[in-house]
A.B. asks: 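Structure incoming, see below.
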Amino acid sequence: MANQTKSKGDVPSRIADVELAISKMLRIGVIAAAAVIIIGLVQFLVTGVSGYPDETYPLGFRAIWEGLLAMKSVAVIETGLLILILTPVLRVFVSLFVFWQEKDYRFVAITATVFIILIISFMLGKAG
């Protein structure tokens with residue numbers, strides 16, 4: 001009986017640890033995204049230029065990356081937005097492995113489906 005109580009006591013503690021780690025990951029992602037966006041916004045307000053001609057802006061990961069390396073303010077802002085978008089996606093990805101480790105295969109299937117839908121939506125958004 002003591003073993004059952006101990007193992008049941010460990011599961012909520014372990015789940016709480018995982019939830020705490022995921023909440024920290026989300027918080028760090030949002031703070032990092034906000035910091036990057038603010039840096040790009042301040043850069044834009046100080047210089048007055050976006051780094052791109054007329055009303056153009058970078059499209060796609062490669063163009064944003066190249067603009068970020070060149071420290072173009074709009075690319076810096078877009079990088080912050082990408083970090084903000086990818087933070088919850090990373091949470092879904094991490095949850096997939098957490099559920100797998102817990103042997104909760106129903107939630108593995110649900111989480112994998114959600115993750116696949118997210119990836120497909122990114123691909124369709126890029127194509128459209």
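One-based numbering along the sequence shown.
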A.B. asks: Would you give the length of the straight line joining atom CD1 of Ile77 to atom CD1 of Ile64, rounded to the nearest 0.5 angstrom?
C.D. replies: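 Those atoms lie 11.5 Å apart.
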
A.B. asks: Could you tell me which non-hydrogen atom of Ile22 sits nearest to which non-hydrogen atom of Ser95, and how far apart they are?
C.D. replies: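 It is CD1-OG, 3.9 Å.
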
A.B. asks: Hey, what's the ring geometry for Tyr105 with Trp100, parallel, tilted or perpendicular (30° and 60° as the breaks)?
C.D. replies: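 The rings of Tyr105 and Trp100 stand perpendicular, inter-plane angle above 60°.
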
A.B. asks: Run Phe107 and Val98 through side-chain contact (heavy atoms from CB on, under 4.5 Å) and show every step you take.
C.D. replies: CA-CA 10 Å; Phe107 279 105; Val98 170; over 6 Å; no

A.B. asks: Is there a path of hydrophobic side-chain contacts, each under 4.5 Å between heavy atoms of I, L, V, M, F, W or Y residues, that connects Ile31 with Leu86?
C.D. replies: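 Not linked; separate clusters.
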
A.B. asks: Does either side chain, that of Arg91 or that of Thr87, offer a donor lying less than 3.5 Å from an acceptor on the other one?
C.D. replies: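 Side chains of Arg91 and Thr87: no pair found under 3.5 Å.
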
A.B. asks: Indicate yes or no: at least one non-hydrogen side-chain atom of Ile85 is less than 4.5 angstrom from one of Phe122.
C.D. replies: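 Sidechains of Phe122 and Ile85: in contact.
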
A.B. asks: Identify the two heavy atoms, one from Ala75 and one from Gly67, that lie closest to each other, and give their separation to 0.1 Å.
C.D. replies: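 Taking Ala75 first and Gly67 second, the nearest heavy atoms are CB-C, 3.4 Å.
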
A.B. asks: Tell me whether Ile110 shares a hydrophobic cluster with Val108, the cluster being built from Ile, Leu, Val, Met, Phe, Trp, Tyr side chains joined at under 4.5 Å.
C.D. replies: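 Yes, one cluster joins them.
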
A.B. asks: Drop me the distance from Ile37's CD1 to Glu78's CD, to the nearest 0.5 angstrom.
C.D. replies: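 Rounded to the nearest 0.5 Å, the CD1-CD separation comes to 10.5 Å.
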
A.B. asks: Report yes if some heavy atom in the side chain of Val89 is under 4.5 Å from a heavy atom in the side chain of Phe115; otherwise report no.
C.D. replies: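 With C-beta onward as the side chain, the pair touches.
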
A.B. asks: Roughly how far, to the nearest 0.5 Å, is the CD1 atom of Ile28 from the CD1 atom of Ile83?
C.D. replies: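 Output value for this atom pair is 12.5 Å.
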
A.B. asks: Roughly how far apart are Leu124 CG and Ile117 CD1, rounded to 0.5 Å?
C.D. replies: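 Output value for this atom pair is 11.5 Å.
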
A.B. asks: Using the rule that Ile, Leu, Val, Met, Phe, Trp and Tyr join whenever any side-chain heavy atoms are under 4.5 Å apart, tell me whether Val94 and Leu26 fall into a single cluster.
C.D. replies: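 In one cluster: yes.
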
A.B. asks: Compare every heavy atom of Val76 with every heavy atom of Val36, then report the nearest pair and how far apart it is.
C.D. replies: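 The pair with the smallest heavy-atom distance is CG1-O, 3.3 Å.
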
A.B. asks: Same cluster or not: Met123 versus Val114, using hydrophobic residues (I, L, V, M, F, W, Y) connected whenever any side-chain heavy atoms lie under 4.5 Å apart?
C.D. replies: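 The answer is yes; both residues are in one hydrophobic cluster.
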
A.B. asks: At their closest point, which heavy atom of Gly40 faces which heavy atom of Ser73, and how far apart are they?
C.D. replies: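 The answer is O-CB, 3.5 Å.
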
A.B. asks: Just verifying a value: how many Å separate Thr79 OG1 and Leu84 CG, rounded to the nearest 0.5 Å?
C.D. replies: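 Rounded to the nearest 0.5 Å, the OG1-CG separation comes out at 12.5 Å.
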
A.B. asks: Under the side-chain contact (heavy atoms from CB on, under 4.5 Å) rule, what do Phe93 and Thr111 come out as? Steps first, then yes or no, please.
C.D. replies: CA-CA 8 Å; Phe93 185 70; Thr111 307; over 6 Å; no

A.B. asks: Test side-chain contact (heavy atoms from CB on, under 4.5 Å) on Leu82 and Phe61; report intermediate values, then the result.
C.D. replies: CA-CA 9 Å; Leu82 278 174; Phe61 293 118; 3.5 Å; yes

A.B. asks: When hydrophobic residues are tied together by side-chain contacts of less than 4.5 Å, even through go-betweens, does Leu41 share a cluster with Val74?
C.D. replies: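 No, separate clusters.
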
A.B. asks: If you round to the nearest 0.5 Å, how far is CG of Leu20 from OG of Ser23?
C.D. replies: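 That separation rounds to 4.5 Å.
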
